[in-house]
Every structure is written in structure tokens, then in C-alpha cells.
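Below is one structure, written out as C-alpha cells; the observations come after it.
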Number of protein chains: 2
Amino acid sequence: MSKDKHRSNCPISCSLELWGDKWSLIIIRDLMFAKQCTYGDLLKSEEQISTNILAARLKTLEQNMVIEKLEHPNSKLKVLYKLTKKGIELLPILIEINLWGEKYYADIPDRTKALLKDVKKDKKSFIRRTMKKLDID
Amino acid sequence: MSKDKHRSNCPISCSLELWGDKWSLIIIRDLMFAKQCTYGDLLKSEEQISTNILAARLKTLEQNMVIEKLEHPNSKLKVLYKLTKKGIELLPILIEINLWGEKYYADIPDRTKALLKDVKKDKKSFIRRTMKKLDID
DNA sequence: ATTTGTACTTGTAAAATGCAAGTAAATATA
DNA sequence: TATATTTACTTGCATTTTACAAGTACAAAT
């Protein structure tokens, strides 16, 4: 009847209810920069997510159409996860978090620094290029 | 000895460890658009944070210099919370979350819509103006 | 002197997390 | 062909976090 699943209609609040935790954006980050990952790939991330949490997050993100499952071309045993358009559009958020984090935390990895240098040169272009790369199947 | 409090040195991961939960950015949002709030003001938000969670988050955010406490000019009983420079600089993240959320959730409040219309007209100018407003004590 | 307002703290049940181990099906290997 | 291994999960359980209700301490208003 009523749409009362949200604590409020504030877009920030609704967004946080979906991916506002310590893991969802890590998964999304990995998919954003690796394009496609298997479950095993995601487990390999430096942050060491545990298997049950990963499975739970993937399920929620899929149900909310942020990611989707794909058949692996070479194996029926493997599953490919990728971002949907809705997921890809989280890129500007990830970029701003990256930029803020770069400013306030030390020992940023070189890869990240290089990427952010590119971002700072021309943010819009970076977003366009990255999104385009992700969009091509 | 070692700086091993972080799961990784990824700026996204470090950021999420600090404010990657369902409440921190709600508090920061309120401070961003109200400039200064008392504890009671923050409790009044539509999302209905509970008192112990609010106290815990305020403590963490203060310890990490995202917010600071101020004396209330009219009362020793009240406490004013405001964003530090570090906190104010979360504005671009809040804006991008707002824009994403606006696109994927329904029934966005009119105030928010109006604000985002302004943002979309000229994002940089909006950020500059909002930050300036917050900076003036 | 008593009540109210404000910023918390405390207790406790419920939920989420983190870790270790287990399972089922597909594939690789002997 | 039989066995082992890989892959994507699930399950059980201890620990931690959350949510709700109530309580406390001090300032200020009545």
C-alpha cells in the first residue's frame, strides 16, 4: 500500500540504505575498474571481504539493479558480475570519495595517484571515457 | 609501530571505514545544509537516528576532525556542532550522491529538487557558494 | 524550590558481521 | 573412467553493532 520502506525520501538517505555500508562500494569500485569480475576475483581484493558478506551484498546489489550476473564464456562454473547503467553512474561518487580520501589519508597507492592525476586534469573527460569503456558489454 | 589500522590504503576504503555507514553522512548532510546544529536538532531529522548512535557517530566524527564542537552563545546547556574544513569538503560527495539518488528514487522532496536544479545549472559555482557560506564561522 | 530542557549514558534484545567449515556442481587430471 | 580440484556459494556460531526504551546530570526557566 504505502511506499514506506524508506526512512525518508531524501535521495542521500535512500542511497545510503542501499549501499551505505563498509563493503558495497568496495565491490562497486572493483567492478568499476576491472569491468567484470567473478566471485573469486572479488574475494581477492585487498580488503578481504568474507564470503557470506560478499554473497549477501551481491544479492542486494543485483536485486536493486546496480549489478547483474552474466554467464562466463568459458565455464559454466564461473559467474561474471558487472555493473548495470545504474551502477556505472555511481562513478562520479567514487571519484569524489577518491579525491577526498586522497587528501586526508596517507600512503595512497601509486596506481590510485596516477588515476586521480588523470581525473584532476579533466574530470568530465575521465568520467566519459571510463563510462564508455564499461558500457561496451 | 605499523599504521595497520586500515584494511587497505585505498582512499575509498579508508573513507568508508570512517563514514561508510547508514548514519554518518546523514549527520554531515544536516550540518552541511543547516550550518550549525545542536544535538537536539540532529535528533529531529526525519530519519530518526537514535540517541546512542548519534552520540557515537558525533564522537567518531569529532575525533577524526570532520566536525567540531562549539559553545552555544546563549546557553551552557546546549552544544553546537559544525563541520570542519575536512567535513565541508565532503560536499562534492554529498552532491553526487544526491544527483544519483534523485535519478533512481521517487518522491524527492521539493526543497531537494530545487537545490539540485541549482546544482545542475552550475555545479562548481554551487559548491563554491555553499562552502563559502559554511566557512564564515 | 521545582520543573523543564538538553545532552548525553546505560541496559538489553535483535540484527549484522566475521570467521571457519561445509556443500554442490562443473571441470581438470590421472 | 575415477578422482581431485575449482568455483560459487551456504551454514553455524561467536562477536560486534544497532535499535529501542529508560535513566542521569546539569543548566535554566518558572
Side-chain angles (χ1 to χ4, degrees), chain A residues 4-8 13-14 16-28 30-31 34 36-64 66-83, chain B residues 4-8 13-14 16-28 30-31 34 36-64 66-83:
Chain A
D4 253 52
K5 40 185 172 186
H6 295 298
R7 11 176 225 192
S8 84
S13 177
C14 294
L16 292 176
E17 284 183 62
L18 172 52
W19 46 257
D21 64 85
K22 304 223 179 302
W23 291 111
S24 295
L25 285 183
I26 294 291
I27 296 167
I28 290 163
D30 287 348
L31 292 173
Q36 286 181 335
C37 289
T38 63
Y39 185 86
D41 291 336
L42 292 167
L43 280 179
K44 280 175 210 139
S45 283
E46 206 185 346
E47 288 85 6
Q48 299 267 44
I49 190 168
S50 54
T51 57
N52 53 344
I53 307 288
L54 176 57
R57 290 295 177 283
L58 289 173
K59 194 177 174 185
T60 303
L61 291 173
E62 196 196 355
Q63 285 170 342
N64 286 276
V66 172
I67 64 174
E68 60 186 333
K69 279 175 155 186
L70 253 70
E71 283 181 16
H72 194 285
N74 305 333
S75 166
K76 281 179 187 169
L77 190 46
K78 292 185 183 177
V79 177
L80 279 179
Y81 288 97
K82 65 167 294 200
L83 296 169
Chain B
D4 253 51
K5 39 185 172 184
H6 295 298
R7 10 177 224 190
S8 84
S13 177
C14 295
L16 291 177
E17 283 183 61
L18 172 52
W19 48 255
D21 64 84
K22 304 225 179 300
W23 291 111
S24 295
L25 284 184
I26 294 291
I27 296 167
I28 291 163
D30 287 348
L31 292 172
Q36 286 180 335
C37 290
T38 64
Y39 186 87
D41 290 336
L42 293 166
L43 279 179
K44 280 175 211 140
S45 283
E46 206 185 348
E47 288 86 7
Q48 299 266 42
I49 191 169
S50 54
T51 58
N52 55 343
I53 307 288
L54 177 57
R57 291 295 178 283
L58 289 172
K59 194 177 174 184
T60 303
L61 291 173
E62 195 197 354
Q63 284 170 342
N64 286 277
V66 172
I67 64 173
E68 59 186 333
K69 278 175 156 188
L70 254 69
E71 285 182 13
H72 194 284
N74 305 333
S75 166
K76 282 179 186 168
L77 189 47
K78 292 184 182 177
V79 177
L80 280 180
Y81 288 98
K82 65 167 294 201
L83 295 170

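Heavy-atom basis, side chains included; hydrogens, waters and symmetry copies ignored. In the text below, chain A, chain B and the rest are named by the order of the sequence lines, each starting its count at 1.
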Inset, instruction - Check whether any side-chain N or O of B:Asn64 sits under 3.5 Å from a backbone N or O of B:Val66 as a donor-acceptor pair, and report yes or no. - result: no
Inset, instruction - Would you confirm whether B:Ser45, through its side chain, and B:Gln48, through its main-chain N or O, come within 3.5 Å as a donor-acceptor pair? - result: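 No, because the side chain of B:Ser45 does not come within donor-acceptor range (under 3.5 Å) of the backbone of B:Gln48.
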Inset, instruction - Mark up nucleotides 1-13 of chain D, 5' to 3', with B wherever a protein heavy atom is under 4.0 angstrom from a base atom, S wherever such an atom reaches only the sugar-phosphate, and - elsewhere. - result: -----BBSBBBB-
Nearest-Å distance, [atom1] ([X]) to [atom2] ([N])?
| X | N | atom1 | atom2 | value |
| --- | --- | --- | --- | --- |
| B:Leu61 | C:dC8 | CG | P | 13 Å |
| A:Glu17 | D:dA19 | CD | C1' | 15 Å |
| B:Gln36 | C:dA7 | CD | P | 13 Å |
| A:Glu71 | C:dA26 | CD | P | 12 Å |
| A:Ile53 | D:dA14 | CD1 | C1' | 14 Å |
| B:Ile49 | D:dT17 | CD1 | P | 16 Å |
| A:Glu47 | C:dG18 | CD | P | 12 Å |
| A:Asp21 | C:dT17 | CG | P | 7 Å |

Legend entry - Under-4.0 Å side-chain N/O to phosphate OP1/OP2 contact, B:Arg57 with D:dT18: yes
Inset, instruction - Mind checking the CD1-CD spacing from B:Ile49 to B:Glu47? Nearest 0.5 Å is all I need. - result: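 Rounded to the nearest 0.5 Å, the CD1-CD separation comes out at 9.0 Å.
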Inset, instruction - Output the distance between atom OH (A:Tyr39) and atom CG (A:Leu54), rounded to the nearest 0.5 Å. - result: 4.5 Å
Inset, instruction - Report the nucleotide, chosen from D:dT18, D:dA27, C:dG18, that has the shortest atom-to-atom distance to any side-chain atom of A:Trp23. - result: C:dG18
Legend entry - Contacts of type salt bridge (Lys or Arg N to Asp or Glu O under 4.0 Å), residue B:Asp30, not counting sequence neighbours: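 B:Asp30: no salt bridge (Lys or Arg N to Asp or Glu O under 4.0 Å) contacts found.
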Inset, instruction - Nearest-nucleotide wise, let me know which of A:Asn74 and A:Ser50 is further upstream toward the 5' end of DNA chain C. - result: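 Nearest-nucleotide comparison on DNA chain C picks A:Ser50.
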Legend entry - Stepwise salt bridge (Lys or Arg N to Asp or Glu O under 4.0 Å) test for B:Glu17 and A:Lys22: CA-CA 6 Å; B:Glu17 283 183 61; A:Lys22 304 223 179 302; over 6 Å; no
Legend entry - A:Asp41: partners by side-chain hydrogen bond (donor to acceptor under 3.5 Å, both in side chains), with sequence neighbours left out: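 A:Asp41 satisfies side-chain hydrogen bond (donor to acceptor under 3.5 Å, both in side chains) with A:Thr38, A:Lys44 once adjacent residues are dropped.
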